[in-house]
Amino acid sequence: MTITTDVLVIGAGLAGERTAIQVASRGLQVILLSLVPPRRSHSTAAQGGMQAALGNMARSQGDSPDVHFEDTVKGSDWGCDQDVARRFVTLAPVAVREAAYWGVPWSRVVAGRHKLPDGDEVEEAQQKEGLIAARNFGGTKKWRACYASDGTGHALVYALDNEVLKLGIQVHDRMEAVALVHDGQRCYGAVARDLRTGEVRPYLARATVIATGGHGRIYGHSTNGLINEGTGMAIALDTGVVPLGNMEAVQFHPTGVVPGDILVSEACRGDGGYLLDKDEHRFMPDYEPAKKELASRDVVSRRMVQHIRKGLGVESPYGPHLWLDIRHVGKQHIEANLREVATICRDFLGIDPVHQLIPVRPTQHYSMGGVRTNSSGRAYGLAGLYAAGEAACWDLHGFNRLGGNSVAETLVAGMVVGKTIAEDLWWLDIPSSERVAASLAQEACRQVEERVHRLNAGGTEHVFDLRNRMSNILMEKVGIFRNGTELAEAVEKLTEVSHRARRLGLQSGGAGASPELALALRLPGMIRLALCIAYGALQRTESRGSHHREDHPYRDDAHWLKRTLATWPPGADLPALSYEPVCITELPPGERGYGESQVLAGTEKVHG
Amino acid sequence: MDKRTLTFRIFRHNPFDPVSVPRLQEFRVEETPRMTLYTALTRIREEMDPSLQFDFVCRSAVCGSCAMLVNGRPRLACRTRTEPLPDKVTLLPLPFFRLVGDLSVDTGTWFRDMGRRVESWVHQHRAFEPGAEEERMSNEQAQAIYELDRCIECGCCVAACGMAQMSPDFLGSAGMLRIARFLVDPRDHRPEEAVFEVIGTEEGVFGCIGLLACDDFCPKDLPLASRLAYLRRRLALAAMRPSPSTTTGPVPVR
């Protein structure tokens, strides 16, 4: 049974739902495909906050989209597109207020004097009482992260999904898009596999949006939800014509708990938490006297690994880690504002953070890279294909994303991309190509069914074994510190895994919702993403943001102030890489003002 | 502490496999430090039986995917550490919801339907103004809404509910809580009659027979019993006094 719609949105997290709301409010028919019921999306796990320059707090005085812009560009290590960043910072306050209108219970300003955990006092202004509050986050000049108690992501997902319900938008959950329907010029929808029944079904659409989130789970240790396997990026790459941007830009979060890799929020450090080593010494001020624990994520993560490498980590059966200390923040504050953090410690580690230290280490967290689109959300390479949120690279984050910018990005991107689609479809006369689309879809379905058949026919390689091999290679050789030798080894070993994946076979039957079959269908695409990351990182002989080369420790604007584009030619062993310039409209490359000084001397002139 | 070998007795059935018969299957797993049911089930799937179906997404008790019956009680599996459990652990899928396979059930469809029935969205009577400052609200009020907004739709309350097992149209305490959430929200302007139309019925507050297992098993410790009592009180008061919008008589309560 073929399903036809105006707009097909793949992924029902914040980016997908916000896009769907935008196009539905323009009167277009939209279907959301989701691996899970939308409220279970990984967006729900965003604990910390959403950056938007409302300037309501004492410590946000003087904040504006301009300051937010500067923080974002510096954070990206000048890897972002500044036209996108400008549009983003302008729309983020609107997005926050719109979310309030939809029912998000944002925490509010309470006027009067308040004592901060570090002993300072602030006076919140009477005339700001009741407006949307903000908290401190790493890498920002002002307090700008709006939050809903300890569950910002949850509150946003529920509010947006409520709007989706209200607008009567169709949601097809437990459906996985496994291939795009296209002719090399235009995208006509996707082939999806029903994760309840195993049935393969075409969805034809005039516009198709990839909003599937990140690829964190291809790494061995990730804070990402288990569904974040980069499937949307992989099916775009599989077209052979759509490039992925900056896949080597992978962010590690400083505080994943050990074991389990569950994220404890940036808010812990924003609200005054310390990082301690095995001697319970607070080491961050030694490295970063100004920003201390609140330098940007890439800097803090690297300092932590650096400190562990000096032998100052805490030994454990799960490898060395460091401590996060929030004891001095106080029971009342922890229970009120960091409740999810306290809950994670108690329920998953058996630790009470009011009295005990939390074991943490840097863990894969976010993909700055993704399906390359222009600043309006149109994917390169195929007309009718769009992308939004973490799955996309439009490129707001460059080589490092600021905490709180991803949640804000999902909503802003949804607004922008939704508007683009509505405009594009206004002009597009599609009925004439419906027959073309239907036959392409049939062929795409047949190919998927053939893959399923081959997997059932018995290959020698096992799914979980190869997946673990891939994720260990990435973790060990394409992690926080990188170098040419290890990256070359990673590329070689991943290529071998990729070859072995051609002989994948199922150990169990593939009937119904078989989890083994689902992973077997995804795995070759995941390995290709891993190769895009490793190969892109190998070629980029500089350090920029989260991409840190020990053998090339400086940012090299003369050669590398550009974005990597990776496409996968049919049948190739490796991605084809090309590069394009970064869009710089306002802020010329300079020092980030925090973290290591790492710009290659004399290079500013070239692009200054 | 001696290392334990845990025996998991797990419900198995694949409704899409014509030869599948519902049964319990045993798996033995050596316990490791800080093991949770997520760790244990993942090991069983990856090392013993790749066909085993279960649902985890966040593995940190925020997404509500992994509720199941653990030795007879509905719980989030990801948040269940094995250490306090006995050597033998029986895992069954949540009752009430449609089975997808093994430990996986379709909670999504039920909750979506509930959301539509209670009109789980803010009923505004003005349009959003992109250029305007946000409407003010006290932080206390925001906290009060957030408290009731914390439901993760895991289904433990409905699975534990005696009434829901007998009456599939019962809104359950999750549905009641959702209504209560919008009643405390000053941005919501739905008429009171509309609320009572939905919950003043056998499918709503009058269906509840007061077993309150929902309140015992909610993994988020939501105030399900007190909100249920609150809604009943509101309903009773509304029935006794003239309705603000119709001065002719009490709100009709079926």
Side-chain angles (χ1 to χ4, degrees), chain A residues 36-37 39-42 44-45 94 96-98 100-103 105-110 129-133 148-149 151 154-155 158 162-163 165-166 171 173-174 196-198 225-227 259-260 262-263 317 340 343-344 347-350 463-464 506-509 511-516, chain B residues 14-17 33-34 36 45-47 49-53 55-65 78-79 81 83 100-101 104 106-109 111-112 115-116 119-122 124 128 130-139 141-143 145-146 149-150 152-153 182 185 187-188:
Chain A
V36 293
R39 293 174 193 226
R40 315 224 185 283
S41 300
H42 184 57
T44 299
V94 180
V96 167
R97 290 173 173 141
E98 187 179 52
Y101 173 81
W102 285 332
W106 294 114
S107 294
R108 301 291 174 140
V109 178
V110 180
E129 167 82 24
L131 293 177
I132 294 171
S149 193
H154 169 90
Y158 273 57
N162 284 341
E163 282 304 298
L165 268 177
K166 179 176 131 191
V171 176
D173 70 2
R174 291 184 188 261
R196 290 181 177 86
T197 64
L226 300 165
I227 52 173
I262 301 169
L263 169 74
E340 289 294 329
T343 309
I344 285 167
D347 294 346
F348 302 94
L349 301 171
V463 177
F464 296 111
L506 300 185
Q507 291 174 281
S508 65
S514 164
E516 191 189 18
Chain B
N14 181 353
F16 292 94
D17 183 349
R34 286 174 183 156
T36 62
R45 181 193 278 175
E46 295 192 5
E47 294 166 18
D49 189 338
S51 69
L52 182 63
Q53 292 181 47
D55 294 318
F56 289 98
V57 176
C58 72
R59 86 262 174 248
S60 58
V62 297
C63 79
S65 298
C78 71
R79 207 176 68 175
R81 295 171 58 212
E83 195 199 314
V100 174
S104 172
D106 186 355
T107 46
T109 302
F111 275 98
R112 212 138 193 92
R116 267 187 223 108
E119 302 196 353
S120 171
W121 53 82
V122 179
Q124 290 274 15
F128 173 65
E133 192 177 76
E134 64 270 23
E135 232 177 283
R136 286 175 197 245
M137 180 187 282
S138 76
N139 194 50
Q141 193 147 40
Q143 291 285 339
I145 300 166
Y146 180 76
D149 198 45
R150 293 189 302 114
I152 57 171
E153 301 195 347
F182 286 102
D185 195 328
R187 296 165 292 200
D188 190 73

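We name chains A, B, ... by the order of the sequence lines, and we start the count at 1 in each one. Just so it is clear, the model here is predicted, and its values are computed rather than measured. Side chains included, hydrogens not; waters and symmetry mates left out as well; all remaining heavy atoms used.
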(request) Ignoring hydrogens and angles, tell me if any N or O in the side chain of B/Arg136 forms a donor-acceptor pair with the backbone of A/Glu129 under 3.5 Å. (result) yes
(message) For A/Pro37, which atoms come within 4.5 Å of any heavy atom of chain B: side chain, backbone, both, or neither?
(response) side chain
(message) So B/Val57 and A/Leu226, do their side chains get closer than 4.5 Å, heavy atoms only?
(response) no
(request) Go through B/Ile145, B/Asp188, B/Asp106, B/Asp49 and name the one with the most non-hydrogen pairs under 4.5 angstrom from chain A. (result) B/Asp106
(message) I need the minimum non-hydrogen distance between B/Val122 and A/Lys166, along with the two atoms involved.
(response) O-NZ, 4.4 Å
(request) Quick one: closest heavy-atom pair of B/Glu134 and A/Arg97, and the distance? (result) OE1-NE, 2.7 Å
(request) Could you have a look at B/Arg59, B/Arg150, B/Gln124 and say which one has the most heavy-atom pairs with chain A under 4.5 angstrom? (result) B/Arg59
(message) With a 4.5 Å cut-off on side-chain heavy atoms, are B/Glu47 and A/Phe464 touching?
(response) no
(message) Counting only non-hydrogen atoms closer than 4.5 Å, does B/Asp149 touch chain A with its backbone (N, CA, C, O), its side chain (CB onward), both, or neither?
(response) both
(message) Restricting to non-hydrogen atoms, name the atom on A/Ala513 and the atom on B/Gln53 that form the minimum distance, rounded to 0.1 Å.
(response) CB-OE1, 3.3 Å
(request) Please look at A/Val171 and chain B and tell me whether the side chain, the backbone, both or neither of the residue comes under 4.5 angstrom of a heavy atom of that chain. (result) side chain
(request) Give, as side chain, backbone, both or neither, the part of A/Tyr101 having an atom under 4.5 angstrom from any heavy atom of chain B. (result) both
(request) State the NE2-SG distance between A/His154 and B/Cys63, to the nearest 0.5 angstrom. (result) 11.5 Å
(message) Please classify the contact between B/Gln143 and chain A as side chain, backbone, both or neither, with a heavy-atom cut-off of under 4.5 Å.
(response) side chain
(request) Grab the two heavy atoms, one from A/Gly103 and one from B/Arg187, that are nearest each other, plus how far apart they are. (result) O-NH2, 3.0 Å
(request) Sort out for me which of A/Leu263, A/Leu165, A/Leu349, A/Val463 touches chain B most, counting heavy-atom pairs under 4.5 Å. (result) A/Leu165
(message) For A/Trp106, is there any backbone N or O sitting under 3.5 Å from a side-chain donor or acceptor partner on B/Tyr146?
(response) no
(message) With a 4.5 Å cut-off on side-chain heavy atoms, are A/Pro515 and B/Leu52 touching?
(response) no
(message) Please give me the minimum heavy-atom distance between B/Val100 and A/Arg196, naming the atom from each residue.
(response) CG1-CA, 4.3 Å
(request) Please test B/Thr109 against A/Arg174 for side-chain contact (heavy atoms from CB on, under 4.5 Å), starting from the C-alpha separation and ending with a verdict. (result) CA-CA 10 Å; B/Thr109 302; A/Arg174 291 184 188 261; over 6 Å; no
(message) When you measure from the side chain of A/Asn162 to the backbone of B/Trp121, do you find a donor-acceptor pair of N or O atoms at a distance under 3.5 Å?
(response) no
(message) Between A/Val94 and chain B, with a heavy-atom cut-off of 4.5 Å, which part of the residue counts as in contact: side chain, backbone, both or neither?
(response) both
(request) Quick one: do B/Ser120 and A/Tyr158 satisfy side-chain contact (heavy atoms from CB on, under 4.5 Å)? Show the steps, please. (result) CA-CA 9 Å; B/Ser120 171; A/Tyr158 273 57; over 6 Å; no
(request) Side chain from CB out, backbone as N, CA, C, O: work out which of these in B/Ile152 comes under 4.5 Å of a heavy atom of chain A, or both, or neither. (result) both
(message) Please rank B/Gly64, B/Ala132, B/Gly101 by heavy-atom pairs under 4.5 Å with chain A and give me the top one.
(response) B/Gly64
(request) Please state whether the side chain, the backbone, both or neither of B/Arg81 comes within less than 4.5 Å of a heavy atom of chain A. (result) side chain
(request) Decide side-chain hydrogen bond (donor to acceptor under 3.5 Å, both in side chains) for A/Arg40 and B/Thr107; before the verdict, give the C-alpha distance in whole Å, the side-chain angles of both, and the deciding distance to 0.1 Å. (result) CA-CA 11 Å; A/Arg40 315 224 185 283; B/Thr107 46; 2.7 Å; yes
(message) Let's test your reading of the structure: which of A/Gly198, A/Ala100, A/Ser514, A/Ser41 forms the most heavy-atom pairs below 4.5 Å with chain B?
(response) A/Ala100
(request) Grab the two heavy atoms, one from A/Ile262 and one from B/Ser60, that are nearest each other, plus how far apart they are. (result) CG2-CB, 3.5 Å
(request) State, yes or no, whether a side-chain contact exists between A/Ser107 and B/Met137 at a heavy-atom distance under 4.5 Å. (result) no
(message) Taking every non-hydrogen pair under 4.5 Å, which of B/Arg112, B/Glu135, B/Glu133 racks up the most with chain A?
(response) B/Arg112
(message) Please classify the contact of B/Glu119 with chain A as side chain, backbone, both or neither, using a heavy-atom distance under 4.5 Å.
(response) neither
(request) Give, for atom OG of B/Ser138 and atom CZ of A/Arg108, the distance between the pair rounded to the nearest 0.5 Å. (result) 9.0 Å
(message) Need one label for A/Asp173: side chain, backbone, both or neither, based on atoms under 4.5 Å from any heavy atom in chain B.
(response) side chain
